[in-house]
Structure formats: structure tokens, C-alpha cells
Amino acid sequence: MYSCWNGWKILRRINEILNSNRQSANDISKEEILASNPAELCNINLYRFGPLIGSSCENSVNIYAAERKDTKKPVAIRCVNLEYLKIPLSLLEDELQITGRLHHPNILSFLCSFTNDSYIFTVTNHMSYGSCRDLLHAHFKGGLPEQAIAYILKETLRGLAYLHKQNIVHRSLRGSHILVGSQGRVKLSGLRYCRAIDHLEPTHLSSGRRVIHDFPDVGFQSSLIWASPELLEQNLAGYTVKSDIYSLGITACELANGGPPFDDMPKMRMLLEKINGIVPMLEDSKTVPSCDRTFSNNFHLMVESCLRLDAHTRPRAVELLHDDFFKVTKKRSISEALPELLLPIRPLSRLERGHESDYEFLSNEMNNITCAETIEWSF
Amino acid sequence: MPLFGKSKSNPELVRHLAENLQALRKAADSEKKLSKAQDEVSRTLQMIKNYICGSGEQEPQAEIVAQLCHELEATGGPGGMLRMMVENLHSVDFEAKKDVAQIFNKCLRRQIGARSPTVEHICSNPQVLFMLLKGYENQEIALSCGQMLRECARHEALARIILSSEEFYKLFSYVEMSTFDIASDAFSTFKELLTRSSYKMLIAEFLENNYEKVFEEHYQKLLNSENYVTKRQALKLLGELLLDRHNFSVMTRYISSAANLKLMMCLLREKSRNIQFEAFHVFKVFVANPSKPKPILDILLRNQEKLVDFLSKFHTDRADDEQFNDEKAYLIKQIKELRELKPGAEDE
């Protein structure tokens with residue numbers, strides 16, 4: 001009786017996912033479906049830990065490849081040790097609360113999140129190619145092939161359009177926050193600095209738009225290069241979802257050239273250049289004569305439209321989806337094309353032997369927490 | 001009956017929602033009917049949401065918002081559609097759950113002059129508040145309920161109802177759940193209810209009148225929780241509560257209890273440095289109290305040397321935290337200077 005009801009719930013969930021985006025029906029994974037009943041997933045002993053695949057916030061946040069012991073399904077587990085966390089806990093809480101309200105094939109969702117001692121574990125789908133930044137590091141030092149960028153950015157834009165429709169500004173869109181999985185699944189992550197603006201009332205000052213004025217919290221420094229001039233400027237006009245479109249433009253440059261523009265200059269100069277309207281461009285034979293790559297005109301135009309200084313004239317995410325640049329993606333499906341375009345990099349599929357470890361190594365770390373001198377009080 | 005392409009008047013829209021929410025409940029046994037009702041509910045909710053919250057660049061029109069909010073309260077029996085939407089939250093789809101939360105919150109924020117009609121409406125139909133609280137028990141709707149509950153907690157009149165109810169104490173167990181996202185959502189609701197600046201007097205009154213129940217019966221458990229996050233956050237919140245000048249009499253009572261002092265001294269030597277640090281900020285209040293009751297003084301005196309020694313080695317790496325170092329130095333000085341009460345001076 002019970003299992004029958006469960007099965008029915010799963011069916012409904014599948015239906016929901018199918019309806020939410022028919023084109024990416026192949027994105028459904030068992031984990032996503034099970035997410036409707038994550039309580040049973042909230043057990044650290046259910047997972048076998050593999051290698052460290054990423055870390056952030058001065059190594060206080062670590063992401064491990066892992067797999068479920070029962071189904072052998074690969075997952076990724078983010079481990080945050082609250083004893084050493086370098087950013088306010090509230091940022092992580094906000095991230096979980098916002099992400100819990102999102103459901104889209106192009107946004108990395110949390111399958112479950114639970115605490116164990118001073119750790120918060122967050123389980124997500126495993127994205128076997130890693131982030132776009134990992135791809136650049138691993139092989140494409142000079143930038144990804146243009147077609148791969150088109151596929152990746154198009155999927156990213158789908159996720160972004162969904163966020164914007166919900167009146168959420170991502171605020172830290174960048175290569176390292178775009179994850180690529182097997183079969184060309186592309187998901188947006190890094191929602192820690194997201195800001196929902198649906199509770200804001202449009203004002204006269206902002207000519208009837210909902211705008212944000214505040215600057216993202218500590219820990220945001222590393223995303224400054226991707227931030228839009230209006231966000232950095234912090235003036236009365238504030239910024240809107242269009243700020244993310246600027247970041248998308250910078251991300252496009254990053255993916256095309258192997259690193260974001262402004263990377264080599266002091267932060268203050270970058271700020272001045274952006275505010276003074278210096279628009280970065282894709283580097284290729286058309287802009288830098290010594291360069292031997294050449295990007296299509298459509299790519300140049302798309303990047304130019306994203307990086308316009310006047311935020312209102314930048315296209316909206318839904319409009320960008322129909323940009324000519326993305327026409328190249330129509331010929332072949334992403335699941336077929338992207339893995340080929342990313343060769344020689346292959347997805348990390350199984351947990352590699354030799355890396356196997358268990359939760360114990362974390363427990364050891366926990367016991368290392370410096371104990372206060374054992375004092376016995378006399379009561 | 002298709003909704004798109006045909007413009008429905010607002011009362012009709014709300015009635016349509018009511019009918020389909022009812023159908024949703026009745027159709028539980030027929031898959032086909034259920035999914036049809038579900039689709040209709042989702043579509044209607046989305047339309048209502050677009051009308052009252054705006055969509056994309058389109059901003060909502062004040063008149064339509066007022067009319068729709070009014071309809072939502074008037075339709076669907078006691079508690080109106082607000083109750084009905086929350087009641088059926090578990091059976092609508094994912095996006096519809098969010099729409100419900102948005103519609104609900106927008107209604108609550110509506111004002112006519114100084115009046116908040118929806119707040120008044122919920123005051124006379126408070127059962128919806130308890131449904132929202134209970135929502136924390138259901139994984140699927142917990143976060144949506146939390147979102148609505150916090151919006152309610154912004155209003156003094158609604159906070160009063162929640163605080164004076166038996167159901168409020170359920171929050172003490174919700175914040176301890178191991179599912180982190182829900183526990184943390186419950187904690188922010190809990191914190192909002194106990195620290196919201198717009199009704200500090202209400203909170204002080206509540207804490208004072210329910211001191212035993214809140215602190216001795218329930219809060220104590222959080223401070224002894226097995227759950228690290230709960231323990232740490234509860235301790236931090238306790239510090240904030242005690243140091244808020246509105247809660248002066250609660251503080252005086254708290255720092256007169258030897259059991260509380262013992263607990264803080266134990267927490268000072270927890271293995272987690274963060275917990276030690278939060279405990280310090282509660283412990284300091286006991287020591288700084290100029291008129292310490294005898295049992296407190298006795299404990300401090302019995303541990304005088306140990307405490308001085310412990311504190312001088314306590315978190316010495318926080319060299320740049322000036323306030324902390326000043327406070328620590330002050331405590332050490334105070335503890336060094338502690339003397340037995342002269343007999344007879346006890347009642348001071």
C-alpha cells in the first residue's frame with residue numbers, strides 16, 4: 001500500500017519534470033526523483049567518499065565525489081565544517097532556502113542536506129566533467145571550442161531565464177559556477193550570493209523596476225571580475241537581473257579565451273575601467289592581430305550585446321536564447337555533440353579505485369578539533 | 001474549461017480556484033481527475049500570482065490587487081482561500097506551492113491606510129497559522145510554509161497569537177531536526193519570533209510570563225542538544241536575548257540560577273571553539289552582575305583560581321578582537337576580586 005503510494009508520487013514527479021522542460025527530459029536522474037523523499041538520504045553512512053573534487057571559501061568548504069552504497073549512483077557531497085567556516089553560516093542557509101524553491105534541469109539542486117557533528121553535508125548530483133573552469137584548467141588553457149561554448153551557454157541561459165522569471169538575481173555567474181555532467185547536462189551552481197527581489201516594490205527612482213542596492217556579502221571578492229559595472233558602482237540606481245547578463249558576457253570571454261578579461265589588473269583599475277565604459281571583447285584574430293583563433297561574427301555580437309554599459313539595452317535572458325549565436329546548437333543534440341567537443345577530456349564516471357575512502361577520514365578530522373584543556377569545575 | 005485565451009473576471013478566477021482545490025481533494029482516487037484538477041489549480045494560481053505580484057516587466061495594478069486579495073479572503077468559508085490554499089499545499093505541484101507562498105505573502109503585506117486587512121482576517125481565523133507551523137513536519141511543504149510563516153511573524157498581532165499558543169513549542173523540536181534545510185528554516189522563524197525589533201515589548205512580556213516553560217522546560221534542551229548546529233545557534237540566540245535591554249527582567253532571572261551558571265561553565269569547555277566562544281558571551285553576564293545571589297557567588301568562588309587560569313588562556317589567538325579582549329580582562333579582574341559575602345549582607 002505504502003510503496004504503491006510512493007510509486008505514484010514518483011510518477012507525478014516525473015510528470016512535473018517532463019512538463020517543466022520537455023527538451024531536457026534526459027536530465028532526470030533517479031536522485032532527482034528521490035528528492036521528493038530525501039529524509040532517508042540524510043545519513044552519512046549511506047555514502048562512500050571518493051576524491052576531493054573542489055573546494056572554496058579558503059578550503060572551509062570541500063566537495064567530494066562520492067557514491068551511494070546501495071544504488072552505486074554517483075553523487076557529489078559538499079562538506080562544510082562549521083568550526084572552520086570562513087563565511088557567515090547565514091549565507092549557506094540562504095542558499096539552501098533559495099535553492100529549495102528552485103526546480104529546473106539547468107540548476108543544480110540539492111538532493112538533501114543534513115548535519116552530523118559540526119559538519120553540514122549537502123548532497124547533489126555528480127557533474128562528471130566538473131565546472132567550466134575545471135575544463136579550462138584540465139585541457140583547454142586557451143579556451144573552449146566555440147561550438148562547445150554555444151551549447152554550454154545556451155543551457156546556462158535556460159537556467160538563468162528561469163531564475164530571472166522568479167525575480168532572482170544570481171550575482172556570481174562565472175565559469176566555475178557552470179557545471180557540466182555526462183550527456184551534456186549543464187547546470188548552474190553557486191547560488192550562495194543569489195538575491196530574491198520579489199518582495200521589493202518598484203520605485204520611482206528606479207523608473208518602475210525592482211532594483212537591488214546592496215553589495216553581496218563577504219567572500220564575494222573572487223567574483224568581482226564577473227560583476228557588472230552597476231553592481232560595482234553601488235549608486236542609487238541600483239541593479240537588476242540584467243546584471244547577470246553582463247556576467248554572462250564576461251563568462252563567455254572567459255570560456256573563449258581561457259580566462260576572464262581584467263584578470264591581470266588590480267581590482268581598483270578593473271572597477272574604473274568598467275565604470276568608464278571600457279567594454280571587454282573576445283580576443284581573436286579580429287581584435288588582436290597576433291591571435292590565431294577566429295570566432296564567428298555572431299559570437300562577437302552576442303558578447304557585445306551582453307556587455308553593454310547601459311543595462312537596459314542588454315537583452316533579457318529569454319531573448320538571448322534566440323540569439324543567432326545559438327543557431328549552431330540546433331543541428332545536433334547536446335548529449336551527442338558536447339562530449340565530442342570536449343574530447344580529449346572524458347567524464348569521471350566511477351569512483352576510481354585507490355581513492356576509496358570512507359566517512360572515517362572526516363571523523364578523524366573532527367576529533368582533531370583542539371580540545372580545551374580538560375578542566376574540572378567544582379560545583 | 002480552458003482558462004487561457006479567455007479572460008475571466010477576478011471573482012470568477014478565485015471561485016475557479018476554490019472549485020478545483022475542492023476537486024483535488026475529492027479526486028484522490030482517480031488519477032485522471034486528480035491531474036486535471038492539479039493542472040487547473042496550477043494555472044489559476046499562476047494567473048492570480050501574475051495579477052497580484054506582477055510578472056516580468058509587468059507591474060501589478062493596485063486596484064486589481066485589492067480586489068483579488070479581498071476575493072481571496074471572502075471566498076471559501078472560514079479562513080477564506082488563504083486557509084484553503086495552505087490546507088491543500090501538499091497536493092499541488094512544485095511551482096504552484098511557490099505561487100501559493102507568493103500570493104499569501106503579498107496579501108499579508110497589503111495595507112489600507114494604517115490597516116492591514118489580511119492580518120486582521122487571519123487574526124479572526126488563526127487556524128491557518130497552526131497549519132503553517134505543522135507544515136515543518138512535511139518535507140515537501142516545509143520550506144513554503146516557513147516562508148509564509150515568517151511573513152506572518154512580521155506582524156505583531158499574528159506573532160502574539162503564535163507565541164501564546166501551545167503549538168509555538170513545537171518549534172523547539174523542529175529546529176533540532178537533522179534535515180538541515182528545514183531545521184535552519186525553522187530556526188529563522190523561531191529567531192524572528194523572539195527577536196523581531198518591531199514588537200520587542202511583546203516578546204519581553206512573553207518571555208517573562210512564560211519563563212519556566214520557555215527556558216527551563218524547552219530552551220535547556222536546545223543547549224544540551226546532540227545536534228551541533230542547534231546547540232551553537234541556540235547559545236548564540238540566548239546571548240542576544242539576555243543582552244537585549246527589553247529583556248532585562250528575564251536576564252536577571254536567568255543569571256540568578258546556579259544551574260544555568262553550571263551549564264555555561266560546562267559549555268565553556270566544550271570541544272568546539274565556536275561553542276566555547278558563544279558560551280563566553282553568556283557566562284560574562286553572570287560575572288558582570290553587580291549583585292550576585294549567594295549560590296552564584298559560591299560557585300564562582302569555589303572555582304576562582306581555576307577560572308582565572310582558564311580565562312587567561314582562553315582564545316588567546318583572538319588578538320584583534322578588541323572588545324572580546326577587554327571583556328575577558330574585565331572578567332578576570334572581577335573574578336580575582338571576588339570575596340565571600342559578609343554574613344548578614346546576603347539580602348542586599
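FYI, side chains are in, hydrogens and waters are out, and symmetry mates aren't considered; it's all heavy atoms of this structure. Per chain, numbering begins at 1; letters A, B, ... match sequence-line order. The shown structure was predicted, so the numbers you read here are calculated from the model rather than taken from an experiment.
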Around E305(B), counting heavy atoms of other residues, nucleotides and ligands shown, do more than 12 lie under 6.0 Å from its CD?
no
Tell me, for E226(B) versus chain A, whether the close heavy atoms (under 4.5 Å) come from the side chain, the backbone, both or neither.
neither
If the threshold is 4.0 Å, N to carboxylate O, is there a salt bridge linking E95(B) and K49(B)?
no
Closest-packed option against chain B by number of heavy-atom pairs under 4.5 Å, given L89(A), L96(A), I120(A):
I120(A)
Considering only heavy atoms, which portion of E376(A) lies under 4.5 Å from any heavy atom of chain B: side chain, backbone, both, or neither?
both
Answer with yes or no after comparing the ring centroid distance for F277(B) and F324(B) against a 6.0 Å cut-off, counting only values under it.
yes
If one checks every heavy atom of I182(B) against chain A at 4.5 Å, the contacting part turns out to be neither
Could you tell me whether the side chains of S118(A) and E83(A) share a donor-acceptor contact shorter than 3.5 Å?
no
So for N274(B), is it side chain, backbone, both, or neither that comes closer than 4.5 Å to the heavy atoms of chain A?
both
Using non-hydrogen atoms only, which part of T230(B) is less than 4.5 Å away from chain A: side chain, backbone, both, or neither?
neither
Answer with side chain, backbone, both or neither: which region of K98(B) has an atom nearer than 4.5 Å to a non-hydrogen atom of chain A?
side chain
Mark yes when over 12 heavy atoms from residues, nucleotides or ligands other than K292(B) sit less than 6.0 Å from its NZ; otherwise mark no.
yes
